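What you are looking at is a predicted structure, and each value in this text was computed from that prediction instead of being measured.
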Amino acid sequence: MAEHDLTSPLLSPRSSDQPQTVLTIHDDENFEPSEPSSNQQSSTGTRFPHHSQINNENGQVNSPNPYEFLGSDGFSVPAPTTVDPFRNGTPFISGAYEVIKIVLCLPIALARLVLFGACLAVGYIATRIALEGWKDKQNSLPKWRSRIMWVTRICARFILFSFGYQWIRRKGKPAPREIAPIAVSNHVSYIEPIFYFYELFPTIVASESHDSIPFVGTIIRAMQVIYVNRFSPASRKNAVNEIKRRASCDTFPRLLLFPEGTTTNGRVLISFQLGAFIPGYPIQPVIVRYPHVHFDQSWGFISLARLMFRMFTQFHNFMEVEYLPTIMPPDHQKQNAVRFAERTGQAMASALNVIQTSHSYGDLMLLMKAAQLQREKPWSYMVEMARIESLYHMSSLETVDFLDKFLSMNPDTSGSVKLHDFLRVLQLKACTLSEEIFGFLDVEKNGSITFKQFLFGSAHVMKQPLFRQACELAFFECDAEGDNYCMEKELADILRHAIPDLNEDEVHGLFKLFDTDNDGRISRDDFCSCLRKNPLLIALFSPRFLHKDISKAGDRTVEEIV
């Protein structure tokens, strides 16, 4: 199976032996067909091209593209991947050996649970003492407070013992902090943070939600954690600045980051976030393995309670930690953070003997959403979000919104949606234009679409350079009274240029879709917001662009708006 990297282009280049596409553009709606011009040039200005008859050299007529007026020449969808980075290999107890082992270990599990609780309590008390009265959070923890934290670190080692890690195999050594102030590690389980807390006592980067975890949140604060909200660009920028500040100051402990941003099953590496690589300091990669036969210790889409129970009922859990050679940053680091991350990922993937995919935390959000709604094969809704973010600059939250829309179309057991369900959710009437919109997404021409096709197609339309202007011009056309609002009758007049036989109920359904605040009228914000959430609907307004000279209207609209 071929894997694609983050920089792979969405559209493959046309080979010289493929038939060339020629566009014949007619300026008048009452035109007579003419021979296509071989030197016809596409428009690169603000004027939208008119309807085109698309022919290739063998005389066949291709399927109409309803988004050609935006400059789209079609899109392609990467092949689906069968890799699931988040699936735990043994989510359930199976086999006589495991059942007998668990029964025999139940008394041991009770003793381990008591040890775990006692160590957590002692560590929490020691941490509270170490943090008592400490208010200077901008500087490193004073040495006498750090010495008290050794009690908590020893408790962490006993916690590992309670989980069945009586011994841990190590290979290599941590580089001195002055050589590699930042360490990065793969993230498979909640065990690694406990191990690194005991072994390195580093500063970590963690989600803001971790601060509210009982007992554990207090211990995390003692590590002088850098909190980050992964969905806030400002928070991520502040975190990068703080990483750079602490890496440059020898009084702080080394920094430890999990660049994958979430736990996986350890069978692959997923895409790296760039926070550890942007500051431009040498980095020591560390890899963790959990060799096993009967019990997969990864926290991959399995409940924490179930995972802890399985760990408590094992004779021994195997863990291997390997410190890899330090990787130096390239010159002009700010321009090469992606390359720095790639080199580090390649070194770690090679040492782990795995591949690195374009999945990210966003894929886990999609997986959890599909599982929450009890969809069959929820892993089939993952799209390798790092590629989506790289190509289309679409956030994980936006992608989850598109998944909500797709799931409301009632996909079948294979995760595919038929035409009638697609039209129902988008409030479209069955007609030629609606079929063209669906056919645009149906790249395999099998009468159904997958979420990946729906997402890539929608993102492709939004990425077109004329999409934003088309939204503004479409609202200008709908605002017949010039009062910055579109009423239902005005919308109906415009929509009937695309779908002439729309009845009142069908118009009302589309009006309710655009009226996002339900105030009985569509403002510019309502209109553009709806099209951002449903970019495929911009095709409904293409006849107004194609059958009217909008160059002057377009200039006037831009002047009025901007």
Side-chain angles (χ1 to χ4, degrees), residues 1-13 71-81 83-86 184 186 228-237 239-240 257-262 264 268-280 329-330 332-346 348-349 354-367 381-403 441 443 450-465 467-468 532 535:
M1 179 184 65
E3 294 293 332
H4 304 270
D5 58 29
L6 295 179
T7 58
S8 297
L10 179 63
L11 300 178
S12 58
S72 167
D73 57 355
F75 74 105
S76 62
V77 179
T81 175
V83 175
D84 183 353
F86 310 109
V184 297
N186 61 318
V228 61
N229 180 350
R230 68 174 84 234
F231 303 116
S232 169
S235 177
R236 295 198 301 268
K237 182 178 180 179
V240 170
L257 292 92
F258 299 103
E260 293 172 290
T262 186
T264 70
V268 298
L269 280 179
I270 62 175
S271 62
F272 282 1
Q273 303 298 312
L274 300 181
F277 308 96
I278 292 175
H332 308 292
Q333 173 53 33
K334 289 185 178 180
Q335 290 76 28
N336 290 279
V338 173
R339 179 56 185 155
F340 193 14
E342 289 176 354
R343 288 171 52 208
T344 306
Q346 290 167 1
M348 295 174 66
V354 299
I355 61 171
Q356 187 169 22
T357 71
S358 295
H359 294 90
S360 72
Y361 179 76
D363 288 285
L364 182 60
M365 294 175 62
L366 298 174
L367 174 64
Y381 295 97
M382 293 189 293
V383 295
E384 295 189 273
M385 265 303 302
R387 180 182 287 116
I388 291 287
E389 292 171 353
S390 174
L391 291 172
Y392 299 117
H393 307 290
M394 180 179 289
S395 70
S396 299
L397 293 178
E398 290 176 306
T399 305
V400 172
D401 289 340
F402 276 103
L403 179 61
L441 302 177
V443 293
T450 64
F451 173 62
K452 200 168 189 177
Q453 292 169 346
F454 177 69
L455 179 65
F456 269 79
S458 299
H460 169 79
V461 171
M462 282 197 296
K463 189 185 179 183
Q464 297 307 307
F467 175 76
R468 185 173 180 179
R532 283 193 298 270

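- Of all non-hydrogen atoms in V461 and F467, the two that sit nearest each other are O-CB, 3.5 Å.
- For S396, the side chain to side chain donor-acceptor pair (under 3.5 Å) partners at least two apart in sequence or on another chain are E389.
- Considering every non-hydrogen atom in both F402 and M462, the closest pair reads CZ-CE, 3.9 Å.
- Looking at every heavy atom in both residues, P85 comes nearest to V268 through CB-CG2, 3.6 Å.
- Relative ring orientation between F277 and F272 is described as parallel, the plane-to-plane angle staying below 30° on a 0-90° scale split at 30° and 60°.
- Between the E260 side chain and the N186 main chain, no donor and acceptor come within less than 3.5 Å of each other.
- You'll find the side chain of T262 reaches within 4.5 Å of the side chain of I270, heavy atoms only.
- You'll find the side chain of T264 stays beyond 4.5 Å of the side chain of H359, heavy atoms only.
- Judged by distance alone, the side chain of R387 and the main-chain N or O of P78 form no donor-acceptor pair under 3.5 Å.
- Across V184 and P259, no two heavy atoms sit closer than the pair CB-CD, 3.8 Å.
- Looking only at side-chain heavy atoms (C-beta outward), F340 and I278 stay at 4.5 Å or farther from each other.
- Counting only heavy atoms from C-beta outward, the side chains of Q273 and Y361 never approach each other to under 4.5 Å.
- With contacts defined as side-chain heavy-atom distances shorter than 4.5 Å, the pair L397/M365 qualifies.
- A distance of 5.5 Å separates OG in S360 from CE in M385, rounded to the nearest 0.5 Å.
- Contacts of S395 classified as side chain to side chain donor-acceptor pair (under 3.5 Å), with partners at least two apart in sequence or in another chain: E398.
- To the nearest 0.5 Å, atoms CG (L455) and CG (L441) are separated by 10.5 Å.
- Partner S72 forms a side-chain hydrogen bond (donor to acceptor under 3.5 Å, both in side chains) with one of Q464, H460, K463 and no other, that one being H460.
- One finds the CD1 atom of I388 at 12.0 Å from the NE2 atom of H393 (value rounded to the nearest 0.5 Å).
- The main-chain N or O of A386 is never found under 3.5 Å from a side-chain atom of S390 such that the two would form a donor-acceptor pair.
- Between the OG1 atom of T357 and the CD atom of E384 there is a distance of 5.5 Å, given to the nearest 0.5 Å.
- Side-chain contact between T399 and F451: present, with at least one pair of heavy atoms (C-beta onward) separated by less than 4.5 Å.
- Side-chain contact between L366 and V383 is present, with heavy atoms from C-beta onward closer than 4.5 Å.
- Residues L257 and G275 come closest through the heavy atom pair CD2-C, 4.5 Å.
- Distance CD/Q356 to OG1/T344: 9.5 Å, rounded to 0.5 Å.
- Residues Y381 and T450 have side chains not in contact (no heavy-atom distance under 4.5 Å, counting atoms from C-beta outward).
- Pairing each heavy atom of L274 with each of A337, the nearest pair is CD2-O, 4.0 Å.
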